[in-house]
Structure formats: structure tokens, C-alpha cells
Amino acid sequence: MHIAWFKRDLRIWDNEAFTNACKSQYVMPLYIIEPDLWKQDDLSYRQYVFLRDCLKDLNRELEKIGQRLIIKTGDALEIFNDINSQYGIKEIWSHQETWNYWTYKRDLKLKDWFKLNNIKWNEVTQNGVVRGLKNRDGWSKEWQKRMNILPYEPPKKIKDHKFNSETIPLPKQLSLNNDGIEIFQKGGRSEGLELLKSFLNKRGKNYSKEMSSPLTAYRSSSRLSTHIAFGTLSIKEIIQQTTNRKKEIQKLSNVEKNNWPRSISTFSSRLRWHCHFIQKLEDEPDIEFKNMHSSYNKLRNESDYDFFFESWKKGLTGYPMVDACMRSLIRTGWLNFRMRAMLMSFASYHLWLPWQITSKYLASLFTDYEPGIHYAQSQMQSGTTGINAIRIYNPIKQGIDHDPDGVFIKKWLPELRNVPKKYIHKPWEDIDYIKEYNPPIVEELEARKAAASKIYKLRKEKSHKIESSKVYIKHGSRKARIKKVKKQIKIKKVEIQKNLF
DNA sequence: ACTTAATTCGC
DNA sequence: CGAATTAAG
């Protein structure tokens with residue numbers, strides 16, 4: 001018997017593993033719910049609720065071709081052992097999963113066990129992430145090649161062998177309790193396709209301008225991340241549809257074009273980043289815990305840990321934009337990219353908290369949590385990669401720029417509803433309202449300068465530079481480097497011209 | 001791979 | 001004087 005093992009990725013459309021598994025007459029489409037995985041700090045109730053929708057949806061899709069999804073709850077190895085002794089497993093098909101450290105370790109354990117039991121485990125590619133990569137040279141070309149492959153089609157019909165399935169456990173049965181979410185994202189392929197369609201044809205028009213503000217981003221950004229993370233849409237099909245839409249836009253008149261060309265190109269570049277980031281975790285699974293650059297290991301051990309962490313977690317830092325973003329994230333499970341970066345930056349620089357603890361908390365709040373993107377971004381936002389520029393967000397400036405009238409702030413912070421516009425980003429300056437809201441837990445400018453000086457001091461050291469080039473070879477974007485080199489050539493040319501006159 | 005603040009540009 | 005560019009915290 002063959003098993004099509006649906007991992008986190010639940011697709012049946014554009015799923016090479018499933019398509020191949022179906023070539024055998026005896027196929028079990030299997031999904032394993034692993035209680036130990038759901039005990040990890042980065043997983044949560046909101047993600048599980050989304051997953052349940054997806055599982056139900058996948059089952060409906062499978063019923064159309066005469067099959068059912070076989071759900072099992074428990075330890076993966078024990079489950080495979082049971083199935084093997086009952087039916088005898090010949091081959092297992094799944095995609096190459098790049099997920100968190102727990103799933104990585106599980107796969108290593110399973111690999112040995114499969115080998116011992118003469119079970120062939122076929123792991124096929126699913127996106128642009130390349131397994132066993134030595135360094136980043138040529139990665140971009142490989143990515144492009146993969147993205148051009150036509151989607152895989154499942155067969156029209158497969159035989160149902162009446163394998164025993166269990167019901168999907170309730171969140172409570174996995175000790176998952178509501179973590180404060182009130183506005184849920186709905187899982188399932190039809191939901192995802194609908195979002196993609198409305199984004200490419202309507203909502204995305206001003207994406208490039210409106211992605212940064214939490215007031216406009218909910219409508220103007222794709223919000224496809226959760227569907228990509230759970231595989232109800234594949235990154236490949238999104239890229240292909242975006243390319244088609246791009247061609248369509250090129251044919252429009254200038255008036256009709258409007259802001260579309262710029263928005264589509266901004267969106268496309270973000271689609272490229274997706275695999276670029278996950279590749280980092282594929283190449284180095286310990287960046288979930290360890291600084292990408294070891295020079296930063298001695299940093300961040302002297303902050304007022306518990307108090308700062310607790311205040312930040314609850315949205316009680318005294319900075320309206322930070323608190324509004326955190327409280328909205330708790331209740332909706334989604335936040336636009338820039339505001340996520342601001343939350344991380346504030347925790348890592350102003351509060352000087354280690355990203356290892358804050359990133360786990362954020363992961364659990366994001367319904368669209370994708371480890372590869374999450375830890376690479378967390379480290380970048382905390383300045384521990386050694387290859388990226390230090391970017392410290394000023395929460396006051398972000399508020400003024402992206403929520404000038406305080407509409408977003410007032411929506412999520414009821415205690416500030418009566419604060420006049422003049423003081424909404426600095427309520428501590430208004431004596432009338434100072435009692436209603438937490439005073440700032442750190443002084444913005446002071447905290448930012450202190451963080452910057454510590455980081456820059458470290459960056460000047462020789463040992464830092466040596467390791468940076470190593471990190472770059474492993475993880476750095478070659479495209480960004482080409483841009484930098486071109487810029488330097490341009491500067492030199494200008495200098496030469498100056499000297500001539 | 002999308003900050004901030006200072007400085008220069010351009011009308 | 002605001003927009004664009006660029007150096008740097």
C-alpha cells in the first residue's frame with residue numbers, strides 16, 4: 001500500500017506527492033494530528049481552528065473523487081507502525097516539509113524508522129525551497145524554474161478502501177483554549193481562491209500605497225498568507241495567476257492601469273521573498289533558537305525582562321501604536337507586515353528583550369505562522385543576522401505616518417477614545433488623560449539610542465565582519481548584492497567625473 | 001529587502 | 001517648502 005501523507009500542506013490540487021501516490025492502486029490519504037506538536041509554544045488555538053476548516057474542506061474535495069481523508073491522532077511513528085502491521089506500507093509520499101524544529105526532528109526519526117522497515121519515503125518538492133543547498137549561488141534561477149512548472153492534477157477518481165478514520169479532535173482535547181481571538185480567518189480552498197481573485201482584480205489596486213497602514217492594509221493586501229501557510233493555495237499557482245494578471249494589466253489603457261502596475265510588481269517581489277526566507281530555515285534549522293550571527297550571543301541579557309515582556313505581550317507599553325497593534329493582533333490573528341516589524345523591533349531594541357522569547361509569543365498569535373518566514377524575520381527585525389541593515393522603528397513616527405488621526409489607535413484602545421488628535425501619539429504629554437493610560441515603560445529616544453549604540457559597537461569589531469561574510473555566503477540575497485555593487489560603480493563614476501572638472 | 005534624520009534638489 | 005536622496009544611528 002502507498003500512503004499520501006498530507007503534512008501541514010493540505011493541498012490536493014497542485015500536490016505532486018498526492019498525484020504520484022495515486023498511481024498505486026492502494027492509497028491511503030493520511031493526515032496525522034500530533035498532540036506533542038500542538039504543545040509547542042509557537043502553535044496555538046487560532047491556528048488549529050483554521051486547520052480544522054482546511055481538513056473538512058480537503059475531505060469534501062477527496063469525496064468528489066471517491067476517497068476520504070484518513071485522520072489519525074497521536075505520535076506519527078506509532079501510527080505508521082500500526083498501519084504497517086495492519087496493511088504493510090510499501091511507499092510513503094509527502095512533500096519536502098520545511099517547518100519548525102519539532103517537525104524537523106520528527107522527520108529525522110521517521111527517516112531512520114522507514115529505512116529500517118524497508119519503506120520507501122518519497123519526498124517531492126512543493127515550492128522554491130531547495131533541499132541540500134550548499135550556498136545561495138544560482139538559487140534564484142532554480143526558484144524561477146520551479147515556479148514555471150504546471151500545477152499537478154489529481155486523478156479523476158480513486159478507489160475508496162474503507163480505511164478507518166478518526167474524527168478531528170476538538171481544540172480542548174489537545175489542551176488548546178481560546179487565546180483571545182474573536183475575529184477568525186476562514187480556512188479552505190474556496191475561501192483562498194476567493195481572496196486571490198478579489199485581490200488581483202479589485203482589492204490590490206492600491207496595494208503599493210496602502211500596504212503599510214493598518215487602516216488600509218486589511219483591504220488592500222492579499223491576506224493570502226494563511227492559505228499559503230496551510231497549503232490551501234500553492235505559492236506556485238499564486239505566482240502564475242499574478243503573472244497572468246500582470247500581462248492583462250499591461251494591455252489596459254493608462255487610465256485603467258492606474259496604480260495597478262506598481263502594485264502588482266510590489267506584490268510579485270513579496271511573493272519571491274516567501275521562499276527566500278523559508279530557504280534560510282531549511283539550510284539552518286537552528287535559527288529558530290540561535291542567532292544567525294554568533295556575535296550577538298552575549299547581547300540582551302540585562303533588560304527588565306519580566307515586566308517589559310508582560311507589558312508588551314498585553315499591549316500595555318504606553319506607546320499607542322504598539323499597544324493598538326498588539327491588541328488588534330490578539331483579537332484578529334492578523335496584522336500587516338510593517339506593524340508586525342514594528343512590534344518586533346520595539347521588543348528587541350527599545351525593550352531589549354531576546355527575540356527567542358518574543359518570537360514564540362508572536363508566532364502563536366499569527367494564524368498564518370510560517371516558521372521559515374517568522375524566525376528569519378524575527379532575527380532581521382532584531383539585528384542578529386549580521387548581514388542586514390539595522391532598522392529601528394520609531395513607534396511615534398509610525399503612528400503619525402500610518403494612523404495620523406488615531407483612528408486605528410482609538411479602535412483598539414478604548415481608554416484613548418477621548419484624547420484629542422494633537423496628543424494621540426504622545427498621550428503622556430496631555431495631563432488630562434495621563435491617568436487613563438499607562439505611562440510609557442521606556443523613554444523612546446533614550447531606549448533607541450542605547451540599543452543602537454550597543455549594536456553598532458559590536459558591528460565595528462573585526463570578528464563581526466569575518467563572520468558576516470560567512471553568513472552572507474549561506475543566506476544572503478544575491479540580487480540585493482548585485483544592486484549594492486551597481487550602486488558602488490555609480491558612485492565611482494560620479495567621483496571620476498568630478499575629478500575631470 | 002523597505003528606518004530615520006539630515007541634506008540636497010527642484011520648483 | 002515639500003520631495004527626493006543619502007548617510008548613518
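Letters A, B, ... are given to chains in the order of the sequence lines, protein chains preceding strands, and every chain is numbered from 1.
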> Let me know the distance between NE2 of A/His274 and P of B/dA1, rounded to the nearest Å.
16 Å
> Of the nucleotides B/dT3, B/dT4, C/dG9, which has the atom closest to the A/Asn394 side chain?
B/dT4
> Is the ring centre of A/Tyr207 less than 6.0 Å from the ring centre of A/Phe199?
yes
> I need the CG-P distance between A/Leu458 and C/dG9, as an integer number of Å.
16 Å
> I'd like to know if the side chain of A/Ser213 and the backbone of A/Glu210 have a donor-acceptor N/O pair within less than 3.5 Å.
no
> How many whole angstroms separate atom NZ of A/Lys397 from atom P of C/dG9?
18 Å
> What's the verdict on salt bridge (charged side-chain N to carboxylate O under 4.0 Å, His left out) for A/Arg106 and A/Glu97, showing C-alpha distance, side-chain angles and the deciding distance?
CA-CA 11 Å; A/Arg106 175 208 59 204; A/Glu97 183 183 26; 2.8 Å; yes
> Please give, in whole Å, the distance from B/dA1 C1' to A/Gln379 CD?
16 Å
> Whole-Å distance between B/dT3 C1' and A/Ile400 CD1?
15 Å
> For B/dA1, does OP1 or OP2 lie under 4.0 Å from any side-chain N or O of A/Arg338?
no
> Picking from B/dA1, B/dA5, B/dC2, which would you name as closest to the side chain of A/Arg448?
B/dA5
> Looking only at the side chain of A/Arg391 (C-beta and beyond, no hydrogens), which of the listed nucleotides B/dA1, B/dC2, B/dT4 gets closest?
B/dC2
> Does A/Gln381 place a side-chain N or O at less than 4.0 Å from the phosphate oxygens OP1/OP2 of B/dT3?
no
> A/Tyr207 has an atom OH; how far is it from atom C1' of B/dC2, in whole Å?
12 Å
> Please give the stem ranges for DNA chain C, sorted by first residue number, where a stem is three or more consecutive Watson-Crick or G-U pairs and both donor-acceptor distances are under 3.5 Å.
B:3-10 with C:1-8
> Checking A/Ser469 side chain against A/Ile466 main chain: does a donor-acceptor pair fall under 3.5 Å?
yes
> Which of these nucleotides, B/dC2, B/dA1, C/dG9, is closest to any side-chain atom of A/Arg270?
B/dC2
> Please confirm whether A/Arg245 makes a cation-pi placement over A/Trp260, using NZ or CZ under 6.0 Å from the six-membered ring centre and within 45° of the ring normal.
yes
> Counting side-chain heavy atoms from CB outward, which of B/dT4, B/dA1, C/dG9 is closest to A/Tyr393?
B/dT4
> Want to settle it: does A/Leu445 or A/Ser477 sit nearer the 5' end of DNA chain B, counting the closest nucleotide to each?
A/Ser477
> Using a heavy-atom cut-off of 4.0 Å across all strands, would you classify A/Ile390 as base, sugar-phosphate, or nothing?
base
> Taking A/Gly318's backbone N and O only, do any of them form a donor-acceptor pair with A/Asp323's side chain (distance below 3.5 Å, no angle check)?
yes
> Which of the following nucleotides, C/dG9, B/dC2, B/dT3, is nearest to the side chain of A/Trp273?
B/dC2
> Provide, to the nearest angstrom, the distance between the OH atom belonging to A/Tyr456 and the C1' atom belonging to B/dA5.
12 Å
> Please check: side-chain N/O of A/Ser468 versus main-chain N/O of A/Gly386, any donor-acceptor pairing under 3.5 Å?
yes
> Specify the separation, in whole Å, of atom OH of A/Tyr349 and atom C1' of C/dA8.
14 Å
> Has A/Gln379 got a side-chain atom pairing as donor or acceptor with A/Ala376's backbone, closer than 3.5 angstrom?
no
